[in-house]
Asker: 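Take this structure, written in C-alpha cells, and hold onto it; I'll ask about it next.
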Number of protein chains: 2
Amino acid sequence: MSKVNTQMIDEERAKFLRYLTKAGRRVSHGREIVFDQVMRAHGHFTAEELARGCLEKKLKVSRPTVYRVLYDLLEAGVIRETAFGDKHRHFEHVYDEKPHHHAQCIRCHRFIEFPDRKEDEVYHPYLEKQGFKILGHEMHFYGVCRKCQDKEGL
Amino acid sequence: MSKVNTQMIDEERAKFLRYLTKAGRRVSHGREIVFDQVMRAHGHFTAEELARGCLEKKLKVSRPTVYRVLYDLLEAGVIRETAFGDKHRHFEHVYDEKPHHHAQCIRCHRFIEFPDRKEDEVYHPYLEKQGFKILGHEMHFYGVCRKCQDKEGL
DNA sequence: TTCCTAAATGATACACTATCTCATATGTCA
DNA sequence: TGACATATGAGATAGTGTATCATTTAGGAA
Ligand SMILES: [Zn+2]
Ligand SMILES: [Zn+2]
Ligand SMILES: [Zn+2]
Ligand SMILES: [Zn+2]
C-alpha cells in the first residue's frame with residue numbers, strides 16, 4: 001500500500017464521517033466494516049460480491065446491512081454507481097480510479113475497459129446550459145466479445 | 001399510426017428477417033409475436049414488462065421465449081439496451097427514437113436526455129481491434145441538476 | 001458510569017427478474 | 001411425407017435485492 005493510498009482512504013473516511021454526522025446518523029460497527037471492505041475492493045464490484053466476501057470472511061455484518069451501508073456510501077459520495085444495465089448493481093470507489101469506460105459482452109457479461117477521451121466533452125456545453133453540474137460520466141458500449149462470437153459462429 | 005411509422009416498422013421487420021436468415025435461424029411464431037409487441041411499445045420498457053404484457057394479453061408465447069427473442073432483437077439491431085443502473089434490463093426500439101444519452105441527477109434521480117454525437121465513434125477503433133462486435137452504446141453523465149443545486153445552496 | 005432512547009442490525013421470509021432443463025412441438029428441406 | 005434440427009413451454013431453479021420485526025447497540029443525558 002502506498003502512502004498516497006492510505007492518505008486517500010483517510011480522506012474518504014473523513015468524508016464518510018462528515019456525511020454521517022451531518023445527517024444525524026451513527027458511526028456503527030457495520031458501517032466501519034463495510035467501509036473497510038469497500039476500500040479494499042479493486043475495480044468495480046457488485047453489492048452481492050461485497051456481501052458474499054463479508055460472509056466468507058466471517059465478518060460480523062449481515063447481507064442486508066452490507067446493502068444498507070452501500071447506499072450510505074453512495075449518498076456520501078464515497079462510491080459511485082456505474083450504469084451497466086445488467087441485473088446487478090455495480091459500484092466502484094471514487095478515489096484512486098482513473099476515469100475509464102466499459103464495453104460489456106451481452107453474452108458472457110465480461111468487460112473490456114478503456115481510458116476516456118476528451119472528445120466526450122462535446123456534451124458539456126449542452127448540460128451546462130441547463131444548469132446541470134457535471135460530476136462525472138461514463139460511456140457504456142455493449143455488444144458481443146470475440147470469444148462469444150467464435151463460440152457461436154456468428 | 002402514421003404512414004412513416006408503418007414503413008419504418010416494415011424496415012425493422014426486414015432487418016430482423018435478414019438477420020435471422022443470415023444466422024440460419026427460423027422465422028418462428030414466437031419471434032413474430034415478440035417483434036410485434038416490441039414495435040407497439042412506447043419509450044423504454046423492461047423485458048419483464050414486455051413478458052407480462054404478452055401473458056396478460058394471452059398471446060401464445062411464454063416468458064422464456066420473450067427473453068430469448070429480445071436477445072435476438074438486440075443482436076439484430078432492432079432494439080438497444082439502455083443502461084440505467086437499476087436492477088432491470090431496459091430496452092427501447094431503435095426506429096423512431098433518435099439515439100440519445102442520459103444525464104442523471106444523483107439527488108433526485110431525474111434524467112435529462114440529449115441527442116448523441118458522432119464524436120462517440122472515437123472509441124470504435126479500439127474496440128474493433130479487440131474483436132468486439134459493437135451493438136450500441138450509451139453515455140451516462142451524473143451530477144446535480146439545477147433544481148437540486150438551488151435547493152441545497154451548493 | 002449508568003440509564004434511556006432512537007438508530008442500527010440480523011435472521012428470516014419474501015418478491016422479483018432471469019435462466020436452465022428437457023420433453024414436446026414445429027419449421028425447413030430433401 | 002419423413003427426417004432432422006431448431007424453437008418452445010412448463011416448471012424448477014438461481015440469483016439479487018428488500019421487507020419485517022424482535023433484538024442489540026451507539027451515543028447523549030444525568
Ligand atoms: Zn471500471
Ligand atoms: Zn462474451
Ligand atoms: Zn436533481
Ligand atoms: Zn431515453
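Letters A, B, ... are given to chains in the order of the sequence lines, protein chains preceding strands, and every chain is numbered from 1. Heavy-atom basis, side chains included; hydrogens, waters and symmetry copies ignored.
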Asker: Can you confirm whether A/Asp72 sits close enough to A/Val78 that some side-chain heavy atom of one is under 4.5 Å from a side-chain heavy atom of the other?
Answerer: no
Asker: Measuring from A/Lys15:NZ to A/Leu73:CG, what's the distance to the nearest 0.5 Å?
Answerer: 10.0 Å
Asker: Nearest of D/dG9, C/dA18, C/dT9 to any side-chain atom of A/Thr65?
Answerer: C/dT9
Asker: From the options D/dG11, D/dG17, C/dT21, select the nucleotide whose nearest atom is closest to the side chain of B/Pro64.
Answerer: D/dG11
Asker: Can you find a donor-acceptor N/O pair under 3.5 angstrom joining the side chain of A/Arg26 to the base of C/dA6?
Answerer: yes
Asker: Answer with yes or no after comparing the ring centroid distance for A/Phe114 and B/Tyr123 against a 6.0 Å cut-off, counting only values under it.
Answerer: yes
Asker: Can you figure out which of D/dA7, D/dT16, C/dT19 approaches the side chain of A/Tyr67 most closely?
Answerer: D/dT16
Asker: Do any side-chain nitrogens or oxygens of B/Ser28 fall under 4.0 Å of OP1 or OP2 in C/dT26?
Answerer: no
Asker: Taking the side chain of A/Tyr71 as heavy atoms from C-beta outward, which of D/dG17, D/dG9, C/dT9 is closest to it?
Answerer: D/dG17
Asker: Taking the nucleotide of DNA chain C with the closest heavy atom to each, which residue, A/Val66 or A/Gly24, is nearer the 5' end?
Answerer: A/Gly24
Asker: Return the 5'-most residue of the pair B/His29, B/Arg68 with respect to DNA chain C, ranking by each residue's nearest nucleotide.
Answerer: B/Arg68
Asker: Would you mind telling me which of D/dA7, D/dG17, C/dA8 lies closest to the side-chain atoms of B/Arg25?
Answerer: D/dA7
Asker: Taking only the side-chain nitrogens and oxygens of B/Arg63, find out if one of them lies under 4.0 Å from OP1 or OP2 of D/dG9.
Answerer: no
Asker: Of the nucleotides C/dT9, C/dA6, D/dG9, which one has an atom closest to the side chain of B/Ser62?
Answerer: D/dG9
Asker: What about A/Arg52: does its side chain form a donor-acceptor pair under 3.5 Å with the base of D/dG15?
Answerer: no
Asker: Contact class for B/Arg31 vs. all strands (heavy atom < 4.0 Å): base, sugar-phosphate, or nothing?
Answerer: sugar-phosphate
Asker: How long is the line joining NZ of A/Lys58 and P of C/dG10, in whole Å?
Answerer: 15 Å
